[in-house]
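Not measured: the values here are computed from a predicted model. Quick note on labels: first sequence line is chain A, next is B, and so on, each numbered from 1.
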Amino acid sequence: MLFLLELAANGALVGLMYALVALGIVLVYKSSGVVNFAQGGLVMLGGYVVWALLALAGLPLLAAVPLALLLMAGLGLVVERVALRPMIGQPLIMVLMLTLGLEAMLRGLAPAVWGADLKSLPVPISDGPLIVADLFLNRVYLFGGALTLVLFGALVLFFRSRTGVAMKAVSDDHLASWAVGISVERMTGLSWALAGVLAVVAGLLWGRVQGVDWTLSHVLIKALAVAILGGLDSLEGAVVGGLVLGILEGVIPGYLDPLVGGGTREVVAAFVIFLTILVRPYGFRGREVIERV
Amino acid sequence: MEPLLSVNNLEVIYDKVFLAVKGISLEVPQGSIVTLLGANGAGKSTTLKAISGLLGPERGEVTRGVVRFAGRPLDRLPSPRRVALGIAQVLEGRRVFEHLTPEENLLAASTMHRDGAHVRSLIDRIYGYFPRLAERRSTRAGYLSGGEQQMLAIGRALMAEPRLLLLDEPSLGLAPRLVQEIFDIVRRINQEEGVTILLVEQNARAALAIASHGYLMENGRIVMAGPARTLRENPDVREFYLGGGSRMDYQRVKHYRRRKRWLA
Amino acid sequence: MLQCQQIHRSFGGLKALSAVDLSVEAGEIVGLIGPNGSGKTTLTNVVTGFYPPQEGRVLLSGQDVTGWRPHRVARLGVARTFQNLALFRGLSALENILLGRHVHTRAGVLSAALYWWWGRTEETRQRRVVEEVIDFLQLEAVRDEPVELLPLGLQKRVELARALAAEPRLLILDEPMAGMNQEEKEYMARFILDTREERGAAILLIEHHMDVVMGVCDRVAVLDHGVKIADGPPPRVGGAPAVIAAYLGEADHAS
Amino acid sequence: QAKVVHLGLIQDFTRVYTFVTEEYNQGEQDYLELVNLSGGVGGYTFEALVTDTGNEPQRGIEAYERFKREGALVFDFLSTPVSRANVPRILKDGNVLITVLHGRSDATDGTTFPTIFPIMATYWSQATVVTKYVLDQEGGSLQGKKVALVHIDSPFGREPIPVFETLAGRLGFQFQDFPYPSPGTEQSATWTQVRRFRPDWVVLWGAGGGQPVAVREAIRNGIRTDRIVSVVWLAEKDMQVVGAQQARGVLRFEAAAAGTEPVLVRDILEKVYGAGRGHGDRANVGSTYYNIGVGAMATVVEGIRIALQRWGEPLTAEKIKTGLESLQGFDAEGLMPPIAITSEDHEGGGVGRISQWDGSRWVPRTDWYGAYRDIVWNLVRESAAQFRATGE
Amino acid sequence: MLYRQCGIRHTTYEADRALVVIPWEKLLAGLLGAAALAAPLYLPGLYLVGYLTPWLLWTAAALGLNVLMGWAGQIHLGYAAVMAVGAYTSVHLAHAGVPFLLAVPLAGAAAALVGAVFGVPALRVKGLYLAVSTLALQYLVDWVIVHVPAISGGAQSTLTAPPVRLLGLAVRSDAGLYWTALGYTLLATLFVLNLRRTAIGRALMALRERDYAAEIIGIDVHRYKAVAFGISSFLGGMTGAMLAFVYYGAVTPEQFALDVSIQAVAMVIIGGLGSVIGSYFGAGFVLLAPIFIDRGIRALAASLGLTLYAGTLSHLPLVVYGGLIVGFLLLEPLGLAKLYDNVRNYFLVWPFGYTGRSGS
Ligand SMILES: Nc1ncnc2c1ncn2[C@@H]1O[C@H](COP(=O)(O)OP(=O)(O)OP(=O)(O)O)[C@@H](O)[C@H]1O
Ligand SMILES: Nc1ncnc2c1ncn2[C@@H]1O[C@H](COP(=O)(O)OP(=O)(O)OP(=O)(O)O)[C@@H](O)[C@H]1O
Ligand SMILES: [Mg+2]
Ligand SMILES: [Mg+2]
């Protein structure tokens with residue numbers, strides 16, 4: 001029982017860490033209908049930027065992080081201006097491809113500039129186990145999970161504001177948004193800037209877990225699964241999806257692996273997603289397509 | 001006095017190859033209702049989009065001509081800026097934000113205003129014009145009926161407090177009673193708020209009834225223009241646009257009548 | 001031909017259709033009118049199997065088709081056009097119309113692979129039929145245009161052609177004249193009448209243009225809030241006070 | 001006309017092997033530079049033809065075909081997928097392929113894979129060396145002890161399992177494997193299971209970003225650092241990520257000495273970097289993976305030296321192969337274990353040692369040794385036979 | 001006036017449906033065909049093995065995926081898994097004594113079966129949600145291959161493919177293998193072109209555009225989605241087999257990993273969704289651009305006398321490659337095929353700037 005609880009608890013925390021990346025994807029999707037395949041690259045870059053500010057520029061953590069947030073938000077704006085604005089109104093799958101191209105660029109750029117070797121992020125969170133009611137918890141994940149929830153709350157509030165509503169409108173219909181005076185460009189830029197901000201937070205935490213190198217961008221695959229499981233345009237969905245995926249990935253292999261000789265985690269998780277989507281075609285909380293005949 | 005809107009020798013090309021609007025000119029005086037009529041594919045919607053700056057996403061481009069609004073040429077001004085100047089377009093086919101509620105639709109269209117209280121009072125004023133919207137303010141707009149969506153689309157455009165309202169086929173697909181309602185409201189908006197209106201309509205009868213001036217478009221060109229009354233009485237217009245109303249005998253319409261064209 | 005008996009259909013809490021009866025006889029043109037959101041389109045969706053009714057039955061030529069999937073209903077000779085146009089973008093007008101022949105086409109991967117020996121004759125056979133429809137609706141000039149570039153009126157005509165290509169016995173037209181001017185309406189009306197005369201199809205016509213409905217229909221049914229409030233010859237229905245109140249409005253009726 | 005030996009260093013700089021390639025390749029090139037600076041070998045100088053494959057087999061094939069036509073006789077892909085994809089071509093063309101610490105472990109069998117040379121201890125051999133160390137630490141008996149293999153769930157991670165299983169039977173310890181999914185950056189669930197198993201020893205079998213995560217998780221889950229032994233892929237940078245002090249005591253398999261003390265490395269620093277002709281960041285010189293690269297190239301160059309000495313010009317792949325098969329006790333001046341490559345044994349004895357992290361560097365804990373060769377050779381013969389059976 | 005569409009009159013429906021109607025393009029196609037056929041006579045072997053053969057085979061794979069993604073509009077992130085099924089099936093069959101020419105279509109059939117099963121979610125979900133469920137296929141197949149040594153070929157996870165045998169002759173030379181690939185890809189292309197102009201191709205596109213309308217005009221959407229998955233998996237499986245035999249000479253799991261699936265999707269999208277010629281462009285770009293960019297940058301650095309370290313030199317091409325993808329899409333958001341089409345259109349209407357509708 002304790003075993004189960006511990007698997008579930010740690011799984012849930014890891015799931016929230018995935019959700020942190022997934023929130024960036026949801027954010028961009030919600031406000032422009034684009035699935036951002038470059039979010040993994042942004043997370044990696046976020047990690048690199050924090051590292052560079054700490055290790056190369058010698059800034060203290062409390063200065064490095066806000067500066068990194070600013071820089072990455074700026075990068076989000078630049079990406080919108082240079083790459084996405086000209087693509088407004090083009091087929092979404094092409095924009096998706098464009099973000100894949102962007103991902104390749106980022107994945108090449110950061111190691112080319114700062115070197116491909118593994119870098120360590122000195123974030124002062126202790127590695128010692130945190131034992132709560134006999135459960136071994138990971139402090140970094142705990143911290144990450146809490147941060148995810150805070151950011152989630154902030155985003156929910158943001159989307160209630162007028163700007164937030166306008167952002168949602170943009171994802172529904174670009175042309176109509178323009179027609180009523182919404183600057184699609186500015187909204188998209190804002191969403192990418194926010195995605196950049198989230199990427200710094202995710203890069204910081206994931207970088208603390210595994211060190212900073214290009215493999216940080218791998219977190220995309222999981223985050224994408226989480227985002228889709230939750231429903232691509234739902235913030236709650238991302239959080240719920242992260243929790244569900246994290247817990248399943250923690251618990252199921254714990255019991256199945258010893259039986260079949262291991263490695264069930266990815267497959268089982270994939271299958272659960274597969275089944276969930278069969279039952280709920282738009283994920284847990286995704287909005288359905290309104291199709292009037 | 002200079003008209004609020006003047007279009008001069010406008011030419012629009014789609015997809016770099018297809019010439020949809022071939023050098024048209026028109027004027028909309030301050031405070032008036034002007035209607036633009038024409039067959040399907042004549043280029044009416046294209047003209048409106050050129051005025052409101054919405055051609056870009058459709059791969060269209062203004063290649064020649066000037067659009068002047070309130071005395072200034074619009075050139076390549078992006079559409080949100082045009083909305084801020086006071087040009088609002090109600091798109092053909094309504095295109096409400098389906099996943100938002102009517103209330104959110106209106107809120108989303110208020111980004112040009114700073115003052116939240118002012119936005120609130122605008123929304124209330126729109127609910128005043130369209131009480132039905134107030135009733136359904138929290139269902140998803142995608143599930144509204146056609147008429148309600150059209151009301152929402154017009155209301156949404158009014159959020160910008162426009163000086164010029166471009167209406168693209170507001171009666172499309174609406175039941176006769178609603179058509180009357182919508183046209184009544186359009187007339188009220190024009191009279192009570194002093195909003196100038198450029199109206200594209202297939203229901204020529206209704207359009208010419210409320211408009212002071214009309215233009216007739218065919219194949220990307222303006223082929224006839226004049227005061228609404230003159231157009232109403234023109235025999236060609238009567239035959240091709242106004243028809244016989246309910247007195248028309250469709251059983252007896254000639255087989256495969258050749259279409260009359262003002263321009264070959 | 002078509003009989004709908006006591007159809008109920010609701011979406012969530014919303015009753016879109018309640019106890020609706022409707023019949024269309026062979027060779028008849030029946031008009032279906034009603035305010036926006038009264039359930040007209042939903043009824044056609046029920047007939048074609050798109051939204052199976054929650055209660056009630058749909059009979060086609062005596063055959064009970066309730067709950068059938070749409071493609072099977074189509075094989076019984078039901079074709080329709082759509083209120084919001086449902087052409088296949090990216091395909092030419094010709095290909096769209098050829099798709100209308102799908103129910104009569106034997107399509108196989110193998111026959112396509114062996115096009116020169118096998119697929120070609122089938123394609124040509126279908127093409128002949130389609131060209132007749134193209135002739136009938138005067139679409140020669142736009143045959144090879146991608147449909148999304150056509151003006152709305154022509155798109156509607158292509159959609160009609162696609163429906164006619166299936167050689168339907170029952171044709172359902174959902175607002176075929178929306179967004180058309182007088183001249184175009186007259187064309188469309190003529191096509192509708194000719195379809196019945198030359199092709200012998202029964203027609204269910206949904207329209208908001210009352211002049212056309214009154215002019216071409218043999219019978220008119222009126223829905224309001226999912227309930228049928230009138231059914232009968234056009235003049236009688238057009239004069240019914242309930243219909244005027246719910247649908248027509250005073251002024252238009254007067255004009 | 002200048003006589004040049006071309007070597008195709010067709011490696012993965014940008015994907016899975018990124019963590020090792022940059023330093024490894026730098027070591028290889030620096031060593032070649034060192035040889036060139038001292039006048040080359042038998043009148044020949046060396047030129048590396050370098051390209052990135054991104055770990056994509058088809059890019060590896062293209063580069064192989066290209067460099068082959070540019071005259072390269074020796075190839076190094078440093079990527080299991082790319083090596084595997086090229087094996088049929090290499091064998092057909094008769095060119096020499098070195099598969100240092102990657103590739104097919106059964107290429108040890110020189111009769112089946114005549115021109116493929118693992119040179120250093122394969123994963124199978126590493127498993128035996130590790131187990132021997134554990135056995136010695138436990139005073140010669142593993143009866144009733146528990147050994148956990150925590151590995152990435154890929155062919156590489158699963159490769160040592162048969163060795164450990166056989167050894168568990170022979171030595172009487174309890175063995176269980178705990179896979180974590182690639183890329184290995186998230187392993188928490190796996191470690192909860194490991195903790196439940198209460199292992200006496202934990203063997204880590206991963207690479208790249210997964211390794212520091214594994215070490216950290218092991219420590220967090222209460223495993224003593226000197227009971228954690230890793231496969232060869234654990235380097236200085238990984239320990240920095242874990243926390244240099246925190247990781248003190250962690251053990252790993254070592255295929256070549258780390259640090260700048262070995263003669264060759266000192267020479268490189270002095271001559272190559274002294275002359276400003278280094279092929280990378282000077283700070284990398286002497287790192288684990290750098291030195292492995294130096295060792296690999298030193299072995300190849302030595303093979304070529306023998307080939308030229310004994311059979312003269314012109315240099316052919318066939319001669320290089322035989323040259324390599326004549327290496328006896330070659331240790332790259334103390335950088336590597338003494339290896340003995342024969343026409344049967346292309347691995348050179350499967351020798352390595354265990355070293356320990358002392359908080360700032362890796363300190364050898366044992367001498368070079370090989371162990372349980374019978375087990376390794378059984379696996380090699382079985383697998384090679386399978387290859388021959390399906391080969392044609 | 002070779003490059004003109006107007007003035008061409010068709011007198012039969014067959015002629016109207018011909019694959020190539022413009023005389024100049026007929027000539028061009030013929031010339032290209034001849035050049036491709038004669039390539040081994042004038043191109044060095046490197047070009048055959050290093051570039052042309054993989055390009056052709058990957059084009060066939062892209063074509064197969066294009067049937068599904070471009071026409072039927074279903075995103076598939078597990079295409080490499082389908083190819084893996086084909087590759088492993090064919091190699092195992094060949095080891096069991098089945099001749100090459102039979103093993104390849106059988107591999108296609110096996111892949112079609114697996115692929116069609118994984119098309120099942122497509123009956124309910126669309127778009128990215130579908131993409132994720134196809135991703136499950138990728139994970140599952142990868143897992144099975146890695147965990148079942150009987151499939152992957154023992155501890156080393158490699159299976160050597162026997163040599164290609166055509167009509168009893170072993171094909172070993174670079175040229176022979178190239179011709180085999182060429183023949184296969186041409187057949188695949190013709191097959192796809194024929195599908196496109198018959199009822200199946202139209203039906204698939206119909207369900208891409210509006211599945212409800214397709215259903216209502218009598219297309220059994222469920223069945224045709226399965227058909228789409230089946231056809232595309234069939235081509236994918238056969239191509240996987242061809243890659244194993246003609247190109248790699250061996251199969252290993254990494255040859256068909258998730259990355260490869262993503263590359264296949266990139267080929268289709270960058271080339272141009274639904275375009276046959278786009279598949280050629282897309283496969284060429286995704287496959288060859290990284291190689292040539294890498295070579296180019298190294299050559300450039302060398303000629304400028306820059307001493308960049310190997311790591312940096314290897315990461316810069318990635319930046320350029322990503323930048324090219326972004327750049328191409330910004331230049332022409334509908335893909336390389338559309339770019340080609342723009343040029344072609346320019347010539348078609350030349351010397352006039354624009355047209356009205358071509359019929360008018
Ligand atoms: N995005 C586009 N790309 C290419 N051609 C287009 C595009 N949009 C419209 N057209 C073409 O431009 C011409 C004018 O279209 P427009 O929509 O302005 O006509 P309209 O007068 O509004 O007709 P309707 O009554 O159908 O609304 C038509 O022939 C149409 O096919
Ligand atoms: N898929 C659906 N989900 C939820 N509600 C729906 C759905 N389809 C239709 N409705 C609702 O059912 C009612 C009837 O709609 P229907 O489309 O049949 O009206 P209609 O008579 O065709 O109107 P119009 O003249 O505007 O086309 C409407 O209130 C509509 O909102
Ligand atoms: Mg229009
Ligand atoms: Mg309707």
Side-chain angles (χ1 to χ4, degrees), chain A residues 2-4 6-11 13-14 17-18 104 107-108 111-112 115-122 127-130 135-141 206-216 218-219 221-222 246 249-255 257-258 261-267 269, chain D residues 13-23 149 151-154 157-158 161 176-193 195-197 208-213 216-217 219-222 235-244 246-247 280-281 283-284 287 289:
Chain A
L2 194 65
F3 178 59
L4 173 77
E6 184 174 318
L7 288 176
N10 273 316
L13 293 179
V14 174
M17 296 263 296
Y18 290 144
R107 218 174 45 207
D117 54 331
L118 193 63
K119 327 241 185 257
S120 55
L121 273 188
D127 264 324
L130 180 72
L135 298 180
F136 257 61
L137 298 182
N138 187 329
R139 283 176 206 263
V140 182
Y141 291 170
W206 279 108
R208 169 66 180 74
V209 169
Q210 60 160 103
V212 175
D213 69 353
W214 78 275
T215 55
L216 260 184
H218 270 320
V219 73
I221 300 278
K222 272 288 149 54
E249 282 196 351
V251 171
I252 291 180
Y255 291 91
D257 270 5
T264 52
R265 178 165 146 174
E266 301 283 286
V267 179
Chain D
F13 286 89
T14 49
R15 294 298 273 196
V16 180
Y17 292 80
T18 309
F19 73 96
V20 40
T21 309
E22 210 166 306
E23 293 172 13
L149 172 72
H151 65 91
I152 190 160
D153 197 18
S154 68
R158 306 177 65 80
I161 293 177
Q176 194 169 332
D177 77 295
F178 298 89
Y180 57 80
S182 31
T185 45
E186 208 299 290
Q187 307 173 9
S188 58
T190 307
W191 284 95
T192 301
Q193 296 174 52
R195 201 167 80 244
R196 200 159 76 141
F197 179 60
Q211 287 289 76
V213 178
R216 189 185 270 148
E217 286 281 5
I219 297 172
R220 215 172 57 81
N221 281 277
E236 295 79 5
K237 298 234 164 91
D238 299 316
M239 305 323 272
Q240 299 299 341
V241 172
V242 179
Q246 204 181 353
D281 194 343
N284 290 337
S287 72
Y289 301 149

Segment of [X] engaging chain D (4.5 angstrom heavy-atom cut-off):
{"X": "L137(A)", "answer": "backbone"}
{"X": "R208(A)", "answer": "both"}
{"X": "D257(A)", "answer": "side chain"}
{"X": "V14(A)", "answer": "side chain"}
{"X": "Y255(A)", "answer": "neither"}

Counting heavy-atom pairs under 4.5 angstrom with chain D, the leader among N138(A), L7(A), V219(A) is N138(A)
Looking only at Q210(A), R107(A), K119(A), the option with the highest number of non-hydrogen pairs under 4.5 Å against chain D is Q210(A)
Using heavy-atom distances under 4.5 Å, tell me whether [X] contacts chain A through its side chain, its backbone, both, or neither.
{"X": "R216(D)", "value": "side chain"}
{"X": "V16(D)", "value": "backbone"}
{"X": "T192(D)", "value": "both"}
{"X": "Q211(D)", "value": "neither"}

Checklist line | D117(A)/E22(D) under side chain to side chain contact (heavy atoms under 4.5 Å, CB included): CA gap, chis, key distance, verdict | finding: CA-CA 8 Å; D117(A) 54 331; E22(D) 210 166 306; 5.7 Å; no
dist T215(A):OG1 -> F19(D):CZ (nearest 0.5 Å) comes out at 10.5 Å
When rounded to the nearest 0.5 Å, the distance separating CG of L118(A) from CD of E236(D) is 12.0 Å
N-O pairing of K222(A) and E186(D) below 4.0 Å: no
Mind ranking [options] by heavy-atom pairs under 4.5 Å with chain A and telling me who comes out on top?
{"options": "T14(D), V241(D), D281(D)", "answer": "V241(D)"}
{"options": "E217(D), R15(D), Q240(D), R158(D)", "answer": "R15(D)"}
{"options": "P181(D), P179(D), S188(D)", "answer": "P181(D)"}
{"options": "N221(D), I152(D), T185(D)", "answer": "T185(D)"}

When every non-hydrogen atom of F136(A) is compared with those of R220(D), the smallest separation belongs to CE2-O, 3.3 Å
